Amino acid sequence: MINDVFLNKVIDLKSKIDKEKSFNDGIEVGAKNQKVEILITMYNKNYGIKEISSIVNMSVHDVESIIKEYELRKKSKVNVMPVL
């Protein structure tokens, strides 16, 4: 009986941890997508790559690769926003 109660509490705790981890992962993905949207908006308004990099707190190389992917998607007219 005591073992069953303990086991149920452990299972409940694991479930709560998994739900919180899933929520945190979703927040992290949302923040990355928001950075990309800001980056693309700034690029379309002719901001410099170094300026964009400093504002969205990403490396210049990452910004350039996202912009290249954005341009390729724009030309092919396939899902314009890059996905991280």
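The structure displayed is predicted, hence computed values, not measured ones. Values below: every heavy atom of this structure, side chains too, minus hydrogens, waters and symmetry copies.
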* What distance separates Ile66 CD1 from Ile49 CD1, expressed to the nearest 0.5 Å? -> 11.5 Å
* Structure fact -> d(Leu7 CG, Asp12 CG) to nearest 0.5 Å is 9.5 Å
* Nearest heavy atoms of Ser53 and Val60, plus distance in Å -> OG-N, 3.5 Å
* Structure fact -> Taken to the nearest 0.5 Å, the spacing of Leu39 CG from Ile55 CD1 works out to 10.0 Å
* Do side-chain atoms of Ser22 reach the backbone of Asp18 as a donor and acceptor pair under 3.5 angstrom? -> no
* Structure fact -> So CD1 of Ile52 and CG of Asp62: to nearest 0.5 Å the spacing works out to 13.0 Å
* Criterion side chain to side chain contact (heavy atoms under 4.5 Å, CB included) against Lys32, the qualifying member of Glu28, Lys35, Gln34 -> Glu28
* Structure fact -> Here the gap from Met58 atom CE to Glu64 atom CD, rounded to the nearest 0.5 Å, amounts to 11.5 Å
* To do: Answer whether the closest heavy-atom distance between the side chains of Val36 and Val56 falls below 4.5 Å.
  => no
* Asked: If you measure from NZ on Lys74 to CG on Asn44, what distance do you get to the nearest 0.5 Å?
  -> 5.5 Å
* With the side chain counted from C-beta on, respond yes when Asp25 and Val29 share a heavy-atom pair under 4.5 Å apart, and no when they do not. => no
* Using the rule that two of Ile, Leu, Val, Met, Phe, Trp, Tyr join whenever any of their side-chain heavy atoms come within less than 4.5 Å, decide whether Tyr43 and Tyr47 are in one cluster. => yes
